[in-house]
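These values consider heavy atoms only, across backbone and side chains, with no hydrogens, waters or symmetry-generated copies. All ligand and atom numbering here is 1-based and tracks the order in the structure.
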Amino acid sequence: MAIREILEVPDPRLKTVSEPVEPHEFDDDLRSLVEDMFETMYAAPGIGLAAIQVGVPKRVLVIDLQEPDEDAEPVEGEDGVERYPAKNDPRTFINPVILDPAEELSTYNEGCLSVPEIYADVDRPATCTVHYQDLDGNEHTEQLEGLLATCIQHEMDHLEGILFIDHLSRLKRQMALKKLKKLRQAA
Ligand code: GNR
Ligand code: NI
């Protein structure tokens, strides 16, 4: 297992359209890519990661919303505030396809590990169906809602070379990129 480097804007590789994982590619290399993607995502920390964000142009996504586990005992954080520990729910989506997105939209204040420290509201279909393969190549279809629906659509965009800032107006996108440049100069 290894933490891999996350590509950041304006790296042109983030604009790549990723290639499907072929039937003969469901092997140990794919498993170690997915393991590394989880390790990289947890370390960041983030709730999702597309393979292209670590420079691999393949249609592979990992997601773990790490939502608070309300069935567990609260634990005290560094700030002295008690919180529920995160519930681990690692999900792997290979060759995902989104079907019947809802007409109803929901808005999330999105961020992206490839556009660090920039957050903006993005509207996306509130629910959708995803068809995908797991690491063994088995096919699944699932109905998604809430943050999971938003996150998978954000990750699917990466597979098409699209970033969440591409959903903003040109002015807002330029403002976001300027802010990022400034933050980098200050660092
Ligand atoms: O960590 C992440 N948080 C997030 C918040 C709202 C909507 C989407 C995301 S995904 C992001 C990690 C990332 O960049 N995945 O590509
Ligand atoms: Ni992202």
Those residues that, when tested against Glu160, pass salt bridge (Lys or Arg N to Asp or Glu O under 4.0 Å) (two or more places apart):
Arg59

Identify the closest protein heavy atom to atom 11 (C) of ligand 1: which residue and atom is it, and at what distance?
Gly111 O, 3.6 Å

Return a yes/no value for Gln53: is any of its N or O atoms, backbone included, closer than 3.5 angstrom to an N or O of ligand 1?
yes

Are Val75 and Glu82 close enough that some pair of their side-chain heavy atoms sits under 4.5 Å apart?
no

Is it the case that atom CD in Glu104 sees more than 12 heavy atoms from other parts of the structure closer than 6.0 Å?
no

Mark up the atoms of ligand 1 that fall under 4.0 Å of a heavy atom belonging to Cys112, in ascending order.
14 (O)

Check whether any side-chain heavy atom of Leu30 lies under 4.5 Å from a side-chain heavy atom of Glu25, and answer yes or no.
no

Spell out, as yes or no, whether a donor-acceptor pair under 3.5 Å connects the side chain of Ser114 to the backbone of Leu7.
yes

Can you tell me which residue and heavy atom of the protein come closest to atom 14 (O) of ligand 1, and the distance to 0.1 Å?
Leu113 N, 2.8 Å

Classify the contact between Glu155 and ligand 1 as side chain, backbone, both or neither, using a heavy-atom distance cut-off of under 4.0 Å.
side chain

Give yes if a backbone or side-chain nitrogen or oxygen of Ile47 is under 3.5 Å from a nitrogen or oxygen of ligand 1, and no if not.
yes

Counting both backbone and side chain atoms, is some N or O of Pro45 under 3.5 Å from an N or O of ligand 1?
no

Would one find an N or O of Ser114, backbone or side chain, under 3.5 Å from an N or O of ligand 1?
no

Going by the side chain to side chain donor-acceptor pair (under 3.5 Å) test, which pairs reach into residues 7-22, not counting sequence neighbours?
Glu8-Arg184, Asp11-Arg13

Can you check whether Asp157 reaches Phe164 side chain to side chain, under 4.5 Å on heavy atoms?
no

Taking distance alone, with no angle check, do His158 and ligand 1 share an N/O pair under 3.5 Å?
yes

Leu163 side, atom CG; Glu110 side, atom CD - distance, nearest 0.5 Å
11.0 Å

Just so I know, are the side chains of Leu33 and Arg4 near enough to count as touching, which here means a heavy-atom distance under 4.5 Å?
yes

Below 4.0 Å, non-hydrogen atoms only: which portion of Glu110 touches ligand 1? Side chain, backbone, both or neither.
both

Give the residue, atom name and distance (to 0.1 Å) of the protein heavy atom nearest atom 13 (C) of ligand 1.
Gly48 O, 3.4 Å

Check whether the side chains of Thr129 and Asp100 place a donor and an acceptor atom closer than 3.5 Å, and report yes or no.
yes

Atom indices of ligand 1, in the order listed, that fall short of 4.0 Å to a heavy atom of Gly46:
1 (O)

If you leave out waters, which protein N, O or S atoms are less than 2.8 Å from the Ni ion (ligand 2)?
Cys112 SG, His154 NE2, His158 NE2

Ignoring hydrogens and angles, write down the donor-acceptor pairs under 3.5 Å from the side chains of residues 133-141, residues two or more places apart or on other chains.
from	atom 1	to	atom 2	distance (Å)
Gln133	OE1	Asn95	ND2	2.9
Gln133	NE2	Gly137	O	3.2
Asp134	OD1	Asp136	N	2.9
Asp134	OD1	Gly137	N	3.1
Asp134	OD1	Asn138	N	3.0
Asp134	OD2	His140	NE2	2.8
Asp136	OD1	Arg31	NH2	2.6
Glu139	OE1	His131	NE2	2.8
Thr141	OG1	His131	ND1	2.8

among protein heavy atoms, the one nearest atom 8 (C) of ligand 1 is His154 ND1, 3.5 Å

Checking side-chain polar atoms at under 3.5 Å, does Glu142 have a donor or acceptor matched by the opposite partner on Tyr132?
yes

